Amino acid sequence: MKVGVITFPGSLDDADARRAARVAGHEAVALWHGDRNLSDVDAVILPGGFSYGDYLRCGAIARFAPVMSAVVDAANAGMPVLGICNGFQILCESHLLPGALIRNDHRKFGCLDQRLVIENNRTAWTSAYSAGQEVTIVLKNGEGSFVADEKTLDMLEAEGRVVARYVGNPNGSQRAIAGITNEAGNVVGLMPHPEHAIEDLCGPGTDGLGFFASLATAGLLSA
Amino acid sequence: MARVVVDVMPKPEILDPQGKAVLGALPRLGFEGVTEVRQGKRFELEIEGELTDERRAEVEQMAETLLSNPVIEDYAVRVLEPEVGA
């Protein structure tokens, strides 16, 4: 599949995300925040980093980048979209996902190998995992604490839309939520960085590769 | 010309780690008796021409769509009175 990775001013992990897509067997396509179309890609990744310097709120300015209109339209039409870290924040600011990410409760930037449980393996990005599988993926953020009102949290739980949950709670996220999906399961936001856990040489192993490998299955299912 | 202020504050139920950090720092500097600090943002907008109801409604829209995130923040819009003689 052709996987587009969007670079915003201040994106950091776009190159790693493109590499992860290639390692999983996809063609990686670099997209630019000023693009008005998605160059016929089959899926889109919003990478981690500090788009627009995190000015105003994390992801708040990136949401209004020209390319985001195309992303929102494509997401609503069913295209797989994965937002990692800052990408998750952008998806929340774009209202493609509910809730918001605020500063970690311990007020420090955290950078660690984090254990997660994949709870929902029915999304376009998690079908390569088994439900309940525990994985170790890099977590690195200052504003990764997931918050939403109780009603939204209950809805996410009831509809099985919590994609991944932290083992322990490294940043004060409500109900230890590490990632969520939209109703259709094509849009996933994840605070940890699977693109940093795809090779044994660097990072905590290859547990993250499944997020990118899942796309192949998603493609087969929709074909 | 009108000057409009938009105050944005974290919702009461949302944890405010920055406010907590400030609260923790005050006693270390010898300031006692502060029981709570919430940190927000203040935006000052210079609006061209007269501030009609329509323009004012537009500022509300700006506050809701960009200046604040209604999931975690509340906002309040107010007009600054021009100073006498200004």
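Values reported hereafter were calculated over all heavy atoms of this structure, with side chains retained and with hydrogens, waters and symmetry mates removed. Since the model is a prediction, treat every value here as computed from it, not as a measurement. In what follows, chains carry the letters A, B, and so on, assigned in the order in which the sequence lines appear, proteins first and then strands, with residues in each chain numbered from 1.
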Please indicate whether B/E54 has more than 12 foreign heavy atoms, meaning atoms of other residues, nucleotides or ligands, lying under 6.0 Å from its CD. no
So how far is it from B/T65 OG1 to A/E93 CD, rounded to the nearest 0.5 Å? 10.5 Å
Contacting moiety of B/K20, where chain A heavy atoms sit under 4.5 Å: both
Looking at B/E50, I'd like to know if its CD atom is crowded, meaning that more than 12 non-hydrogen atoms belonging to other residues, nucleotides or ligands lie closer than 6.0 Å. no
Heavy-atom distance under 4.5 Å to chain A: side chain of B/E13, backbone, both or neither? neither
Answer key: most heavy-atom pairs under 4.5 Å with chain B among A/V147, A/I61, A/I102 is A/I102
Could you tell me whether a side-chain N or O of A/R103 sits under 3.5 Å from a main-chain N or O of B/L15, the two making a donor and an acceptor? no
With no hydrogens and no angle check, is any side-chain donor or acceptor of A/R57 less than 3.5 Å from a backbone partner on B/L66? yes
May I ask you to check whether over 12 heavy atoms, not counting those of B/E48, lie within 6.0 Å of atom CD? no
Counting only heavy atoms closer than 4.5 Å, note whether A/D149 contacts chain B via side chain, backbone, both or neither. neither
What part of A/L56 gets within 4.5 angstrom of chain B, counting heavy atoms only: side chain, backbone, both, or neither? both
Do you know which of A/A148, A/G99, A/G172 has the most heavy-atom pairs under 4.5 Å to chain B? A/G99
B/I72 versus chain A, heavy atoms under 4.5 Å apart: side chain, backbone, both or neither? side chain
Just wondering, more than 12 heavy atoms not from A/Y55 lying within 6.0 Å of its OH? no
